[in-house]
Amino acid sequence: MNIDRSKFKIHPSKLYLSIARNPFDEIELDILMSYQHRIEMSQKEEEKAIQSSYNDHSDEYSDFVAEEIFYTHLVSNIMFAALTVAMYAKYEIFVKTLLRACKAAKFEGAPKSFENFQGNADFLKKKLNITTDNIENYDTVNGLRCLSNTFKHNNGFYIETKKNIIPDRLKKEWDIKEKSKIDYTRLPFIEMTEECYVFCDELKKLISQEIRKKIE
């Protein structure tokens, strides 16, 4: 019996779509919450140890105690800032996989990799008619990008530029002021993760729909 094996072939674009796992799903949320708990507990334990070591001379060494406790906050702030970098890096990998699916579907001008935030948005708008800034929670994902870049390039000092703007609503919610250092420990990481999940879920659905139209 002759079998037409072509019927069982999976289009490469569908393979890429199948491995494009939402980087903010329940598994990632659990991991995030675990890291958040560890950082917070480590800071509390360190502060407790500092207080204990100066317990008998608290008045005499009060300045040293305050300085060391402040240092523990700085360390925690760096660790939380690094979380925003890790979160956005996972988003980049996710989008890179979706772009590879577009390239496999023969969309003209599809980027070979994650080039830049606006460049990818321009491609999706021009070739797939997907306007990313109309997708729910776009501001949160873009805000995450700005948080990550602020830590990597400006040592945590938020400076607005044409390509680095956090919407006023989020600046208020995240307690961020221009030309001031961001307190990453105060960010609502769980809420941010949930909102980024919604955005990524919708983005994948929209791209998948356009790819199906193209290949089927």
Side-chain angles (χ1 to χ4, degrees), residues 9-29 31-32 83-153 160-174 176 187-216:
K9 288 184 179 179
I10 300 176
H11 196 281
S13 61
K14 290 186 177 181
L15 288 175
Y16 281 119
L17 290 173
S18 69
I19 63 174
R21 182 171 68 86
N22 194 313
F24 303 100
D25 61 14
E26 290 185 2
I27 295 174
E28 294 298 331
L29 180 59
I31 293 172
L32 172 71
L83 272 183
T84 66
V85 176
M87 289 168 68
Y88 191 70
K90 290 179 179 180
Y91 170 77
E92 287 183 331
I93 293 171
F94 171 72
V95 174
K96 185 186 298 183
T97 307
L98 294 178
L99 291 174
R100 286 176 176 170
C102 292
K103 190 170 184 63
K106 307 297 183 183
F107 277 100
E108 183 183 354
K112 295 180 179 179
S113 184
F114 190 102
E115 296 182 347
N116 60 73
F117 194 78
Q118 189 57 50
N120 295 328
D122 291 343
F123 161 74
L124 292 173
K125 173 63 176 176
K126 185 176 180 180
K127 300 299 182 179
L128 281 77
N129 197 31
I130 296 173
T131 306
T132 53
D133 55 6
N134 285 343
I135 300 175
E136 184 179 1
N137 296 325
Y138 165 85
D139 284 348
T140 303
V141 174
N142 187 42
L144 177 63
R145 177 185 66 85
C146 294
L147 291 170
S148 173
N149 286 340
T150 295
F151 175 63
K152 290 191 297 182
H153 305 303
E160 286 193 354
T161 65
K162 185 177 180 180
K163 297 181 179 180
N164 194 72
I165 300 177
I166 298 175
D168 290 340
R169 175 183 63 83
L170 290 181
K171 282 192 292 187
K172 184 176 181 180
E173 290 180 11
W174 296 350
I176 294 175
L187 293 173
F189 279 95
I190 294 176
E191 180 181 315
M192 288 165 58
T193 300
E194 292 172 341
E195 290 180 0
C196 287
Y197 173 86
V198 173
F199 174 88
C200 290
D201 187 57
E202 183 62 18
L203 178 63
K204 182 178 178 179
K205 286 179 181 177
L206 292 172
I207 291 176
S208 298
Q209 289 172 5
E210 295 305 314
I211 287 177
R212 285 196 210 95
K213 294 177 185 177
K214 181 81 170 175
I215 66 176
E216 293 179 356

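Numbering of residues begins at 1 and proceeds along the displayed sequence. What's counted below: heavy atoms across the whole structure, side chains too, no hydrogens, waters or symmetry copies.
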Does any non-hydrogen side-chain atom of Cys196 lie less than 4.5 Å from one of Leu144? yes

Lys171: salt bridge (Lys or Arg N to Asp or Glu O under 4.0 Å) partners, not counting sequence neighbours: Glu160, Asp168

Only pairs at least two apart or in different chains count here, so list each salt bridge (charged side-chain N to carboxylate O under 4.0 Å, His left out) that has a residue in residues 187-198. none

Residues that Asp139 engages under side chain to side chain donor-acceptor pair (under 3.5 Å), provided they are two or more places apart: none

Mind checking what makes ring pair (Phe, Tyr, Trp, His ring centres under 6.0 Å) contact with Phe151, not counting sequence neighbours? none

Any salt bridge linking Glu92 with Lys96? Criterion: basic side-chain nitrogen under 4.0 Å from a carboxylate oxygen. no

Taking only residues two or more places apart in sequence, or in another chain, which ones meet Asn142 in a side chain to side chain donor-acceptor pair (under 3.5 Å)? Arg145

Going by the rule salt bridge (Lys or Arg N to Asp or Glu O under 4.0 Å), which residues pair with Lys205 if we only count those two or more places apart in sequence or in a different chain? Asp201

Any ring-ring contact (aromatic ring centres under 6.0 Å, His included) pairs touching residues 194-213, not counting sequence neighbours? none

Test of understanding: with salt bridge (Lys or Arg N to Asp or Glu O under 4.0 Å), list the residues that count as partners of Lys152, not counting sequence neighbours. none

Any residue meeting salt bridge (Lys or Arg N to Asp or Glu O under 4.0 Å) with Arg21, in chain and number order, not counting sequence neighbours: Asp25, Glu28

Mind checking side chain to side chain donor-acceptor pair (under 3.5 Å) for Glu210 and listing every partner two or more places apart, or none if nothing turns up? Lys213

Residue pairs fulfilling ring-ring contact (aromatic ring centres under 6.0 Å, His included) with at least one residue in residues 120-142, sequence neighbours excluded: Phe117-Tyr138

Please name all residues satisfying side chain to side chain donor-acceptor pair (under 3.5 Å) with Thr84, sequence neighbours left out, ordered by chain then number. none

